Structures are given as C-alpha cells and as structure tokens.
Amino acid sequence: MQGASVLVWLLGFSLALTTVLAKQGPWVMRISCGARVNVRTAPTNTLWYKDFAYTGGIPANVTQAPSYISPPLKTLRYFPLSEGPNNCYNIRRVPKGHYAVRLFFGLDANPNLQDEPLFDISIEGTQFYSLKSGWTNHDDQVFTEARVFLEDGIASICFHSTGHGDPAILSIEILQVDDRAYYFGPGWGQGTMLRTATRLSCGNGKPKFDVDYSGDHWGGDRFWSPITTFGQGSDQPRSTESGIKHPTNAPNFYPEALYETAIVSTDVQPDLEYQMDVDPNRNYSIWLHFAEIDATVTGVGQRVFDILINGDVLFPEVDIIKLSGGRYTALVLNTTVMVNGRTLMITLHPKEGHHAIINAIEIFEVVVAESKTLVQEVRALQTLKSALGLPLRFGWNGDPCVPQQHPWTGADCHFDRNGSRWFIDGLGLDNQGLSGFLPNGISALQHLQSINLSGNSIHGVIPSSIGQITSLEVLLQNQIHAVRPEIEPSSGRLALVSCLGLDCHSNVCKKDLSYNLFNGSIPDSLGQLTSLKRLNLNGNSLSGQVPAALGGRLLHGASFNFTDNAGLCGIPGLRTCGPHLSAGAKVGIAFGACVIFLLLVVCSMCWWKRRQNILRAQQIIARGAPYAKARTQLSHDIQMSRHYNGHARTAAENGPSLLS
Ligand SMILES: *[C@@H]1O[C@H](CO)[C@@H](O)[C@H](O)[C@H]1NC(C)=O
Ligand SMILES: *[C@@H]1O[C@H](CO)[C@@H](O)[C@H](O)[C@H]1NC(C)=O
Ligand SMILES: *[C@@H]1O[C@H](CO)[C@@H](O)[C@H](O)[C@H]1NC(C)=O
Ligand SMILES: *[C@@H]1O[C@H](CO)[C@@H](O)[C@H](O)[C@H]1NC(C)=O
Ligand SMILES: *[C@@H]1O[C@H](CO)[C@@H](O)[C@H](O)[C@H]1NC(C)=O
Ligand SMILES: *[C@@H]1O[C@H](CO)[C@@H](O)[C@H](O)[C@H]1NC(C)=O
Ligand SMILES: *[C@@H]1O[C@H](CO)[C@@H](O)[C@H](O)[C@H]1NC(C)=O
C-alpha cells in the first residue's frame, strides 16, 4: 500500500515538475540531418537529435562547413532528383504555438556534388525562401529563418528542387517563442509569417547568437550579423560596460548585450544610412533598437533625429532618452512598409548639430501564409499514392497544391475562395507505368471532375465508391495496348515494359492479356453520376451488365467506350445479357444434356429391335414350322404374364417377345 502511494506521489510530483518545466522553458527541437546518433555541440553543449521525420533523401558527410556560424555538425541529408522534386521533414507532436524555424544548408563532401545547390523552401505549404547563387560565401545566407504559427501539431518543412543541384540540409531547429513575439500591428498573426531578411548588431565585430549573448531562451536564439560601419567611413562603433535597463521584456526578450554596442555618426557625415537589396513588391517589418550609451549625451533634447525609410519620414524627432525614459535604457521601434523597388534604405537624419546612433536593426519579410488543401483530400491522395505504388519521382510529399510553384505531379488543384481551401479537381496519371489498384478511399476526393488513368497497368475492380464523386465528368482507364520485353539491368531477368507512344516498335511489341486491367463488373453506382460525360473503359477485363443508367445516358450524347471487354453486355453495341451462370452450373447443364441424349439413343434402339422381332414372329406363324408349338407355348406364357398386368391382348398381336 505504502509503495503504491509513494508511486502515486512520485507520479504526481513528476507531472507537476513537467508542467512547471513546460511553463518555464520553450519547446525546442533540433535535428542534425543525416546523423545516426544524437549529437552534442560545443561550446554550449546543445543537443541535436539524430535524423528523423524525413520523407526521403540520402545522408552524407559534410564538406568543410561553408561558414563558421554553421553549427559544427558532420552530416547532412540531400535529396537527389530521383527521390522526387518535393521532399519534407514532417515533425510531429509539435505543441500548438509560435515558433522560430531555422534551417542551415550544407555542402556534400562527395567531390562530384561540390556545386552549391539552389532550391526553394516552404513551411506548412508556404514558400518563404529561395537560395540565391553565391550563398556559400555569405555567413548570413547559409541559413534561413522564419517566425511561424504551427497549429496542427505537425511542422512540415519542405525542400523543392528547381533543377539547380540537390537540396542539402545540415540542420533543422524549431524553437518556441512568445505567442506575441514581433507583433507589428494589424496583419500580424496566423495568416502571415516573418522571414528574417537581416539582423544586425551594430558596433559589434563578431557574429553572435542570442545564446552567445546569454539571451533568454524565449527569444528563439536569434543570429546577429556583426556590423561596425555603414560604409560612409565617417561613422564609428561605440560600446559600454554599463548595464542596460529593460532589454529582456516579453514578447521579444532581447539580450542585454545587444544594447551595449552601437554605431554613431560624426560631423563629417551626420546621417546614418543602411541600405539592403530586397525582393520588390513585398512588405517588410522593420525593428530598430536604440539605447543612449554615449557618455556625452546626458539628457532630453541632446540627440534628436528623424528616421526615414526609402525617403519617407516614419519616425520624426526621435529622442531616445525621452522615449525610453533614461540613459542606458532600451528602446525598440517597429514599422511595416511596402517596398516597390529592389532596395530598402533606412536613414537616421539628426537635427542640426546632433549625431545619430543605432544599436541594432532587424528586417523581416512579411510572407502571407498559403491556404492548404482540404485535409480529407490530402489523406485520400496519400492512400492513392500507396495503392497505385506511385514512384518517388512523383514527389507526393508535403501539401498537394501549395506552394503553388511546386504542386504534386498529376494533381490538378482548384482554389475555393469561399472556404479558403484548395481542393483537387483532376487526376492526370496517364501513361505513368502505374500498376497498383484504385482504393475505395478515392471517393474522399469529392471535387474530382476528371480521372485519367489511361495507359497504365492498374488492375482490380472499379471501386463502387467512385459513384459518390458526384462532380465526376470524365473517367478514363484504357489498358496498355502493348508491351515489349526488356532485360532488367539489375536482375538480368526478362520484364514486360509498356510501349508508350513512339517507343513502341511493332516487331517487339505484343498485346499483354494477363497483366493490366480492371476486372469485375462496372459498379451500379456509376449510373448515379449524372455529370458523367465521358467514360472510357475500353480494353479492360470487365464483365457483367453495364448499368442501365449508363446505357440510358448514351442516348443523351455522353461518350462511353466499353469495347474490348470480353465480358460486358447489356447496351447497344455489346452482346445481350443471358442469365448469369456459374461454371459449375454450365458443367451440370452439359452433363444433363449428355444423359438425355444417351437415353434417347437407347430408347430408339429398343423400339427398332422390338419392331424387328414382331415382324419375324409373324413370318414364323404364317409358315407353321415344326417348332411352332413350343414357340406358341412360350408366347402363351408371356401373354399370361401380361394379362396379369391387366393388359389383355391377343396372342397374334403379341407374338414372341424380345425375351425369346
Ligand atoms: C562519413 O564519414 C565517416 C567517418 O568520418 C565514414 O565512416 C562514413 O563512411 C562516411 N560516410 C559517407 C557516406 O561517406
Ligand atoms: C510594433 O508597432 C505597433 C504599431 O506600429 C505596435 O502596436 C506594437 O505594439 C509594436 N510591437 C512591439 C512588440 O513593440
Ligand atoms: C502589403 O500590405 C498591404 C497593407 O497591409 C497589403 O494591402 C498588401 O497586399 C501587402 N502586400 C503584399 C505583397 O503582401
Ligand atoms: C459561400 O458559403 C456561404 C455559406 O458558408 C454560402 O451561403 C455561399 O453561397 C457560398 N458562396 C459560393 C460562391 O459558393
Ligand atoms: C488522358 O490521357 C490521354 C493519354 O495521355 C490523353 O490523350 C487525354 O487527352 C487525357 N484526357 C484528359 C481528359 O485529360
Ligand atoms: C480480378 O483480378 C484479380 C487479380 O488481378 C483477382 O484476384 C480477382 O479475383 C479478380 N476479380 C474478379 C471479380 O474477377
Ligand atoms: C473505343 O475504343 C476502341 C479501342 O479499344 C477504339 O478502337 C474505338 O474507336 C473506340 N470507340 C470510340 C467510339 O471512341
């Protein structure tokens, strides 16, 4: 009893402890891609989990890290095109919340793959970054980072091939941040994500992460690029040893050390100007950090400057001491601007006789999150993927319709403005060498208008659930018309390969009767599809009656093709349907017919013999032969027995019977 209560107490205690811990620390997941065991890296003893949750790809060793800010990991995972154009990490059981997601890229140690790959990256179906050529030479381009809301328990991070080398990923970090982190006003929230375009720590000579600055874990371990001059040659770094007031407040938890360095302008060029290249026609959220750390500025009114973005004054007459409430006190200003051109310029323009100062700059691109595909349709496609045995090259990973630049091969997507959801309105999987079957679950693709499975080797029955896809207009499943034998290079065995289009040389092609094709009957439910305009089921192994409703539709101009199906019947152009007989019944009927035939033969032989005997007996009586008496005696006996049976006949009529 006591043991049990101790156990309960321990359980309660550990539960309480985990709750407390959960409250204290943010949720953190770090993956060392390609690693076979968990890894810890110096100097912070950071834990990286061994590789998991990927959809494909190949682990490999890293060539010398492209930059010294990359975590010191030895492996990566790369995704050759043969594994499909879209590959993902689907990390499950991520608590609902707000996260900083960061990915470092790597270079494969294989000397044949040295070129830097360029590819696209999406989170939760939203494409937010494309690697730019030359990224290996820039510290701040060896990774990408975004602040995202993860709502459904899964973080789906995908890499999309653009034909410039194999995507290669060194590490993935998913770090929980405050729910209100980087709130910038209306427009912020679940419909958007913030991609970090740059993050600068001014007046500081070394790249730093929050962790190097002993920052709060809720800050998301930001990376700060060092900058000591804005390039005019007239500005100067400044730093202080004094402590800074109020830097680490929620929701952003900036490290105190960030405010201990700054860049100030001088008399030669009083303006401070920072310029960066950006993608045009996007919205950028800009966060500027200040603290008055210059010993010569001691009170309100001694340093006043305007802040201009691309020439527009967005913050007039900024006085740090006035706004922050004192010297050595942190001040954060944020604004969101739309940038039409390719440059974003931040100018600090001081009042006559003053100098400008700035401690840090953060620039985020505001990325509008994509709507995703209806969950039940994604599931149905995944069922279909395994039922049809879709090869990897299809790249059916991530979301089928988004990012819009990288939809799944063969899935036609349509956006439902009303529901803000994507759905699938067509499947074009013709001539893909598929050989699986159609699963019942296909009916969950409720918006399908067309299914084209021509030229494959899909076999089995047509699932009757297709009759529930009420929008279906076109269903095409034609057999492969020919196959050609080919030696498999790997096994040396002879395999039958479908001849498609011009590949087919008539001398080596032959019709394959055994392999492909739908069999069974056409489900009655297809008759309920009132929108159906085209149904090509020619060249399958279907049998039984074509649903009457389909036959009726023929008259209304719909186009159906049921030819080359030995067993179909019941509509004009096909044979009429007889009663349905099993093989056993057919054997029974044949046997019965034989027995009846034999009986008929025997009976007619009897009749003929008897007739002969009668004729012979009549001849003997007419001649009055010496043996006639004995014969008459015999025939008398027979007659007696017949008489006994109640058939009174004359001796002349009967004569000697066949018993004689
Ligand atoms: C990676 O390096 C380790 C030794 O450091 C070696 O054992 C392993 O075979 C390498 N893997 C590949 C794919 O080259
Ligand atoms: C950013 O600015 C907006 C208004 O421009 C303000 O509402 C918001 O509180 C600011 N965010 C933070 C975290 O200071
Ligand atoms: C930028 O923001 C404005 C105002 O919030 C919005 O109307 C516009 O569509 C946004 N542009 C982009 C490219 O997101
Ligand atoms: C959109 O949905 C509403 C109900 O949610 C419905 O009343 C409306 O007709 C729909 N509009 C369209 C164009 O489908
Ligand atoms: C279906 O695929 C065949 C063969 O590739 C093609 O000829 C036909 O146009 C396709 N039909 C539809 C409706 O997409
Ligand atoms: C259809 O063919 C499969 C083999 O491909 C067979 O197992 C199944 O019994 C067949 N079904 C019917 C209804 O003929
Ligand atoms: C039906 O399919 C066969 C081939 O299986 C083809 O020869 C015929 O022309 C088709 N009929 C129609 C009406 O398309």
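The first residue of the sequence shown is numbered 1, and numbering continues consecutively from there. Computed from a prediction, not measured in an experiment: that's the story for all the values here. All ligand and atom numbering here is 1-based and tracks the order in the structure.
- Those atoms of ligand 6 with a heavy atom of Asn519 less than 4.0 angstrom away are 1 (C), 2 (O), 3 (C), 8 (C), 10 (C), 11 (N), 12 (C), 14 (O).
- Contact shell of ligand 1 (protein heavy atoms, cutoff 4.0 Å): Asn61.
- Here OG1 of Thr46 is found 7.5 Å from CG of Asp221. Values are rounded to the nearest 0.5 Å.
- In the vicinity of Thr563, heavy-atom distances shorter than 4.0 Å reach the ligand 7 atoms 1 (C), 2 (O), 3 (C), 5 (O).
- Using a 3.5 Å distance cut-off with no hydrogens or angles, the side chains of Gln127 and Ser122 do not pair a donor with an acceptor.
- In terms of modelled atom types and a separation under 3.5 Å, the side chain of Thr162 and the main chain of Leu118 share a donor-acceptor contact.
- Annotation: salt bridge (Lys or Arg N to Asp or Glu O under 4.0 Å) contacts of Asp210 (sequence neighbours excluded): Arg222.
- Between Phe562 and Phe560, the angle of the ring planes lies from 30° to 60°, which puts this pair in the tilted group.
- Per-residue contacts place Asp564 under 4.0 angstrom from the following atoms of ligand 7 (heavy atoms of the residue considered): 4 (C), 5 (O).
- A donor-acceptor pair shorter than 3.5 Å cannot be found between the side chains of Tyr89 and Thr55.
- Taking the six-membered ring where tryptophan is involved, the planes of Phe143 and Phe223 are perpendicular, since the angle between them exceeds 60° and thus also 30°.
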